[in-house]
Amino acid sequence: MADGNHLYLVDGSSYIFRAYHRLPPLTNRHGQPAGAVYGYTAMLWKLADSLHKADGPTHMAVILDASEHTFRNEMYDQYKAQRPPPPEDLVPQFPLIRTATRAFSIPCIEEKGLEADDIIACYVTAAKAAGWKVTIVSSDKDLMQLIDDGAEGGPAVDMLDTMNDRRMDRAYVEAKFGVGPELVGDVLALMGDSVDNVPGVPGIGPKTASKLIIEHGSLEAVLASAESIKQPKLRQNLIDHADNARLSRKLVELVCDANLPEPLEDLALKGIPPEPLKAFLEDQGFKTMLSRLTGGAPAAGRSSSGGGLDLAAASIATKPAAPPEPKAITVDRSKYETVTDEVALDRWIDDARTLGLVAVDTETDCIDCVIARLAGISLAVAPNRACYIPVGHSGADLLSEAPDQLPMALVLEKLKPLFEDPAVLKIGHNFKYDWVMFDKAGIDVAPVDDTMIMSFDLEAGLHGHGMDELAKLHFDHECIPFKQLCGTGKSQITFDKVPLEDATEYAAEDADITLRLWQRLKPRIASETVTRVYERVDRPLVATIGRMERRGIKVDRDYLAGLSKDFSEEIARLEERIYMAACGPFTIGSPQQLGEVLYGRLGLKGGRKGKSGQYSTDVNELERLAGEGVECARLVLDWRQLTKLKNTYTDALQAQINPETRRVHTSFSLSGAQTGRLSSNEPNLQNIPIRTEVGRKIRDAFVAEPGNVLMSADYSQIELRLAAHMADVPQLKQAFRDGADIHSMTAEELFGSSDRDNRNKAKTVNFAILYGISSWGLAGRLGIGRDEGKAIIDRYFERFPGIRLYIEQTLQFARENGFTRTLFGRKTHFPNIRASNPSFRAGAERAAVNAPIQGTSADLIKRAMARMDGALAAADLDGVKMLLQVHDELVFEVPEGREEEAAKVVRDVMGSAAEPSLKLDVPLDVEVGWGEHWGAAH
DNA sequence: GACCTCACG
DNA sequence: GACGTACGTGAGGTCG
C-alpha cells in the first residue's frame with residue numbers, strides 16, 4: 001500500500017555549501033576542517049529526529065551531484081562556467097558527506113550526467129505516481145518547480161528548510177514568485193541566475209520577471225508580445241535576448257523521466273542502527289551528538305523522554321545481524337532471448353550503454369578458467385530482461401551439427417568497447433572467473449562490481465556466497481541446477497554441448513539473478529559502511545588476482561618425480577617395519593585400524609576420543625607413545641609424513657601442471673575465509689611444506705623461468721604487530737619500533753628471563769593471545785597445570801592491560817552487534833556469539849577475538865596487492881610478476897639483475913599498505929629474499 | 001559425505 | 001562450575 005508513505009529527498013550538495021558558509025571553521029578530532037560536515041550531520045540528525053513524528057519520513061535518500069559535467073553543458077557551454085572553485089577547506093569535506101550519510105544508514109544517490117536537482121525531480125515524479133507524499137529538504141529555488149499541493153487528488157510535494165524549520169508549499173511559492181510552481185520555471189528563465197550562469201534577460205530581476213509572467217501567463221506569451229511592451233529598455237532587451245530566455249528556460253527545466261538509480265522501495269527507512277553512527281561521531285569528535293546518542297546528558301533544550309529521537313532506543317533494540325528476509329521475485333525464463341544475429345546483439349549492447357550497467361556471465365566448457373573455452377555469454381539489463389549469446393556451442397555428439405550462432409570473434413569484437421567503457425558498470429558474480437575469460441580474449445573489463453564479494457563484505461560468517469545460495473536466501477528462488485543441464489559423474493557433458501534453449505534459460509538466469517542481487521546489495525554497501533573494504537580492498541583484487549592466476553608458477557616436474565620415487569621407496573621400507581612391529585599387516589592409513597592395533601593388539605594405554613568412540617591417533621598421541629619408546633608409533637609418524645608429502649604434494653602437483661602453459665595455476669578464493677583472508681585451491685599453494693626439513697624439499701620444486709629468480713617478501717610478525725597497535729600495548733609497540741625480539745621481550749616481562757625455554761613459552765603465550773586465549777588451552781599447549789596456565793595469563797594481562805581491554809571490548813561489541821570489524825571496516829559475523837551452548841559460544845568468542853587481527857592483516861596485504869602491479873609498472877618493472885600470496889607473503893618472478901629494484905618497490909608497497917587510511921603505531925617490517933627456487937627465497 | 005589427519009599462516 | 005583443549009584454511013585418506 002502506498003498509503004502513508006512519505007519520501008524525504010535531501011539535497012545534500014546545496015546543503016553542504018550553506019552549512020559551510022553558516023558555521024565557523026571548525027576542525028574535527030584529526031585536525032581536518034569539518035564545519036560543513038558538522039552542519040550537515042546536524043541537519044541529518046534533525047531529520048532522523050522526526051522519524052517517528054506524525055508526517056515524518058518513511059523513506060529517505062540523500063541526493064548528491066556526481067560530476068561537474070552534465071547535459072546542460074552540452075546545451076550551453078557557459079553553464080556554471082564562471083562558478084568559482086569551492087573553498088580550499090571545503091573540498092576535503094565533500095567525501096565526508098557520504099561518510100556521514102552512511103553513518104546514518106541513509107542511501108546516498110548520485111548519477112553521472114545528472115545534477116542533484118534532476119535526480120530529485122525523477123524521484124518526485126516516481127513517488128507521486130506511486131501515491132507517496134514527498135518532502136524535498138532544500139531551499140533551492142529551482143526545486144520549487146516541483147512543489148504540489150495535491151489539489152488534483154494526487155499526493156502533496158513540499159519543501160523543508162531545516163535551517164529555519166520552514167515548510168514551503170504552494171502558498172509560499174505564490175508569495176515568492178507571484179505564480180504557482182508550474183510557472184516558476186518561466187520566471188526563473190527571465191531572471192537568469194548569475195551563480196549558475198543562466199543568462200536570462202538583462203535588466204530583468206525577480207520582480208519584473210514575476211510581473212511579466214503574471215501579466216502574460218507564460219514565457220512564450222511574454223516573448224510573443226515583447227513588441228508591445230511600453231518600457232523601451234525592457235522591450236529592446238526582451239527582443240534582443242529572446243533566444244537567451246528560451247535557452248534559459250531549458251536550462252532550468254528539470255529532467256524528471258530518467259531511470260531511478262535505486263528503486264523507490266529501497267529507500268525505506270528501517271531505523272538507524274546506532275553502531276555506525278556512533279563510530280562516525282567518535283571519529284569526528286562530535287561530542288554533543290555522541291553523548292545524545294549514547295544516552296548521556298541530552299543537549300540543552302531537549303528532553304530525553306519527550307523528543308521523537310529513537311536512536312538511543314534503537315541501540316537497545318539492536319539484534320545481532322541476521323540473514324536478510326527474502327523478497328519475492330518472479331523469474332520469467334520465457335522472456336530470455338537467445339541472441340544469434342547481429343541486430344539483436346547490437347540492441348542489447350545499446351541498451352546496456354544507455355543504462356550504464358549490465359550484468360554479465362560467461363559459460364565455458366571447463367571450471368578452470370585458465371584453460372576453459374568460451375561457450376557463450378549472457379547479459380542482463382533489468383529483471384527478466386536477459387539474453388544468452390552462444391559463441392562456442394557444438395553439437396551434442398560428433399554426428400550432430402553445431403547450432404546457428406554468431407562467430408566468437410565478432411561477438412567479442414562488438415562487446416569489447418562496451419566491456420571497456422568506463423561509463424558502463426559490468427556486474428558479475430565471482431567476476432574473477434569471467435574477467436580471466438575476457439582477459440584471454442584481449443578485453444580488459446572495467447569497471448566491475450562483483451555480487452559475490454559484495455555479499456561477502458556484507459555478511460561474511462552468516463552464510464555462503466554462491467549464486468544459488470544467495471538466490472534462495474534473498475529471493476526464495478531456486479536456480480536451475482547445473483547438474484540438470486550437464487548431468488554428473490561419467491555422463492557429465494560440457495556446457496557447449498547443451499542445447500541452446502536449455503543453455504539460454506540457465507545462462508540468462510544467472511545474469512538475471514546477478515543483476516537483481518546487485519540491486520539489492522549495492523545500497524547496503526554504503527549504508528552498512530563496508531564501502532572502504534569493498535572498493536579499496538576486495539574489489540580491486542578481481543583483476544589483480546585474475547592476472548596472478550593466469551600467470552601461474554613454474555614447477556620442476558622431473559624433480560618432483562624424483563622426490564615421489566624416493567618417498568615411495570622409503571614408505572615401502574617403513575610399511576614392512578610397521579607390520580613387523582605390529583605383528584601383522586593392516587591399513588596404516590586407517591585411524592580406526594591403527595587405534596585397534598596400538599591400543600588393542602599391542603595393549604598400549606591411551607584415551608578414547610569424541611562421539612565416534614574411536615581412539616585418537618593424531619600426532620600428539622603418537623608423539624607421546626613414541627616418547628615412551630613405542631617404535632611402531634615413531635614409524636607410523638614417519639610413514640604419515642611421507643605419504644602425506646607424496647599424495648598431497650609430489651604426486652598431486654605434477655598432475656596439476658597445465659599442459660598448455662606448463663605451469664601450475666591455483667585458484668584463489670576471495671570469499672573463502674570468514675576473516676577476509678584469501679584461500680587457495682586446486683591446488684592449494686598456501687600450504688606447501690616448510691616447517692620440516694623433508695617437507696621443505698618440496699619448495700625447491702617451485703622455480704623461476706630461465707633468466708629469472710623467485711622473490712619472496714613477507715611481513716614479519718604482522719599479527720602481533722597489529723595486536724600491539726589495536727590493543728595499544730606500549731611495551732610491545734616500543735619493542736617493534738626498536739626491532740627487538742618480541743618473544744624474548746615478552747619472556748622478560750612474564751618470567752624475568754628470556755632463556756630458550758622461557759622464550760618458547762612466551763611465544764606460545766603470544767600466539768594464544770591472538771587466538772583467543774583460554775587457561776585450559778594454554779595449559780594443554782605448554783604441558784602445565786590449569787592453575788599455572790591461568791597464572792601466566794593473569795600475569796600477561798597485568799603486564800599488558802591493553803590486551804585485556806581489547807578482548808573485553810571486542811567481545812562486548814560482538815555480543816551487541818553480532819559481528820566484529822577490522823581496522824579497515826571489514827565485518828565478520830558470529831551468529832554463535834550468543835549461543836546457549838557454552839561450547840559453541842566459547843568457540844565464537846575465540847574466533848571473534850582473533851578475527852579483527854587476522855582480518856586486518858588480510859586487509860593490509862590485499863591493499864598492497866591491489867597497488868603492486870601499478871607500482872611495479874611505475875618503476876619500469878613490468879617484467880616483475882606477482883605470482884602467489886600466502887597470507888603474509890607475496891611471491892614474485894623477477895628478471896635476473898632487477899632483484900634489488902624490485903625488492904625496494906615491493907618493500908615500499910607492503911610497508912605502506914595501511915596508508916593513507918591509517919597511521920599504525922608500529923612499523924610494518926618486510927623481509928625480502930630471492931633465489932632460483934622458492935626454498936631459496938626465504 | 002562424514003570423519004580424521006595434517007600441510008600452511 | 002561446566003564447557004573443551006587456540007584462530008583461519010584445503011586436501012587426501014578410510015569407511016559406510
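Order of the sequence lines sets the chain letters (A, B, ...), proteins ahead of strands, with each chain counted from 1.
Contacts of I688(A) with the nucleic acid, taken as non-hydrogen atoms under 4.0 Å apart, involve only primed sugar atoms and P, OP1 or OP2. Across all strands shown, V849(A) has no heavy atoms under 4.0 Å from either base or sugar-phosphate atoms. Contact annotation for S775(A): no contact, since no heavy-atom pair falls under 4.0 Å across all strands. Residue S680(A) is in sugar-phosphate contact alone, with no base atom involved, counting any heavy-atom pair closer than 4.0 Å across all strands shown. Contact annotation for N684(A): backbone-only contact, meaning every heavy-atom pair under 4.0 Å involves sugar-phosphate atoms and none involves a base. In this structure, I853(A) reaches neither bases nor backbone, as no heavy-atom distance under 4.0 Å exists between it and the strands shown. Using a 4.0 Å heavy-atom cutoff across all strands shown, G589(A) reaches sugar-phosphate atoms only and no base atom. Note on A842(A): nothing from the nucleic acid sits closer than 4.0 angstrom, heavy atoms only.
A straight line from CG of L645(A) to C1' of dC8(B) spans 12 Å, rounded to a whole angstrom. For the pair N647(A) CG and dG12(C) P, the interatomic distance rounds to 8 Å; values are reported in whole Å. For Q593(A) and dG16(C), the CD to C1' distance is 14 Å, given to the nearest whole Å. One interatomic measurement links the two molecules: NE2 of H829(A) to P of dG8(C), which rounds to 16 Å at whole-angstrom precision. Atom CD1 in I793(A) sits roughly 13 Å away from atom P in dA6(C) (whole-Å rounding). Rounded to an integer number of Å, the gap from CD1 of I803(A) to C1' of dA6(C) is 15 Å. A straight line from CG of N766(A) to P of dA6(C) spans 17 Å, rounded to a whole angstrom. Separating the CD atom of Q656(A) from the C1' atom of dG12(C) is a distance of 13 Å, rounded to the nearest angstrom.
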Next item on the list: Run the numbers on D728(A) and Y806(A) for side-chain hydrogen bond (donor to acceptor under 3.5 Å, both in side chains), then give the verdict.
Entry: CA-CA 8 Å; D728(A) 194 19; Y806(A) 164 80; over 6 Å; no
Checklist line | Audit row: R640(A), T617(A), side-chain hydrogen bond (donor to acceptor under 3.5 Å, both in side chains) steps and yes/no | finding: CA-CA 11 Å; R640(A) 280 216 182 132; T617(A) 64; 2.9 Å; yes
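For dA6(C), neither phosphate oxygen OP1 nor OP2 lies less than 4.0 angstrom from any side-chain nitrogen or oxygen of R846(A). At dG10(C), one or more side-chain N or O atoms of S679(A) fall inside 4.0 Å of OP1 or OP2 (strictly under the cut-off). Between S590(A) and the phosphate of dC15(C), there is a side-chain N or O to OP1/OP2 separation shorter than 4.0 Å. Under 4.0 angstrom from either OP1 or OP2 of dA6(C) there lies at least one side-chain N or O belonging to R781(A). For the OP1/OP2 pair of dT5(B) and a distance below 4.0 Å, the side-chain nitrogens and oxygens of T617(A) include at least one atom meeting the criterion. The phosphate of dG9(B) has OP1 or OP2 within less than 4.0 Å of a side-chain N or O from R691(A). Under 4.0 angstrom from either OP1 or OP2 of dC7(C) there lies no side-chain N or O belonging to Q674(A).
If you check dT5(B), dC3(C), dG4(C) against the side chain of W776(A), the one that comes closest is dG4(C). Here the nucleotide nearest the side chain of Q854(A), chosen from dT9(C), dC7(C), dG12(C), is dC7(C). Here dC6(B) is the nucleotide among dC6(B), dC15(C), dG13(C) with the atom lying nearest to any side-chain atom of K644(A). Side-chain atoms of N681(A) lie closest to dA11(C) of the nucleotides dA11(C), dC7(C), dT5(B). Taking the side chain of S616(A) as heavy atoms from C-beta on, and the options dA7(B), dG9(B), dT5(B), the nearest nucleotide is dT5(B). Distances were taken from every side-chain heavy atom of P591(A) (C-beta onward) to each of dG10(C), dG9(B), dT5(B); the shortest belongs to dT5(B).
Atom name P, nucleotides dA2(B) and dA6(C): the rounded distance is 23 Å, in whole Å. dA2(C) and dC6(B): their P atoms are spaced 31 Å apart (whole Å). Annotation: dA7(B) and dC3(C) have their P atoms spaced 32 Å apart (nearest Å).
Under the 4.0 Å criterion applied to side-chain N and carboxylate O atoms, E845(A) and R815(A) are assigned as salt-bridge partners. Salt bridge annotation for D450(A)-R539(A): absent, with no cationic side-chain nitrogen under 4.0 angstrom from a carboxylate oxygen. Checked for salt-bridge contact, D794(A) and K790(A) meet the test: a charged N lies under 4.0 Å from a carboxylate O. A salt bridge is defined here as a Lys NZ or Arg NE, NH1 or NH2 lying under 4.0 Å from an Asp or Glu carboxylate O, and E469(A) with K472(A) fails to meet this definition.
In this structure, K646(A) fails the cation-pi test against F567(A), since its NZ or CZ atom is not both closer than 6.0 Å to the six-membered ring centre and inside 45 degrees of the ring normal.
Across all strands shown, dA2(C) forms no Watson-Crick or G-U wobble pair with both distances under 3.5 Å.
Between the side chain of Q592(A) and the base of dC15(C), no donor-acceptor pair of N or O atoms lies under 3.5 Å.
In this structure the side chain of E889(A) never reaches within 4.5 angstrom of the side chain of H887(A), judged on heavy atoms.
dC7(C) has Y771(A) stacked on its base ring, the centres lying under 5.5 angstrom apart and the planes within 30 degrees of parallel.
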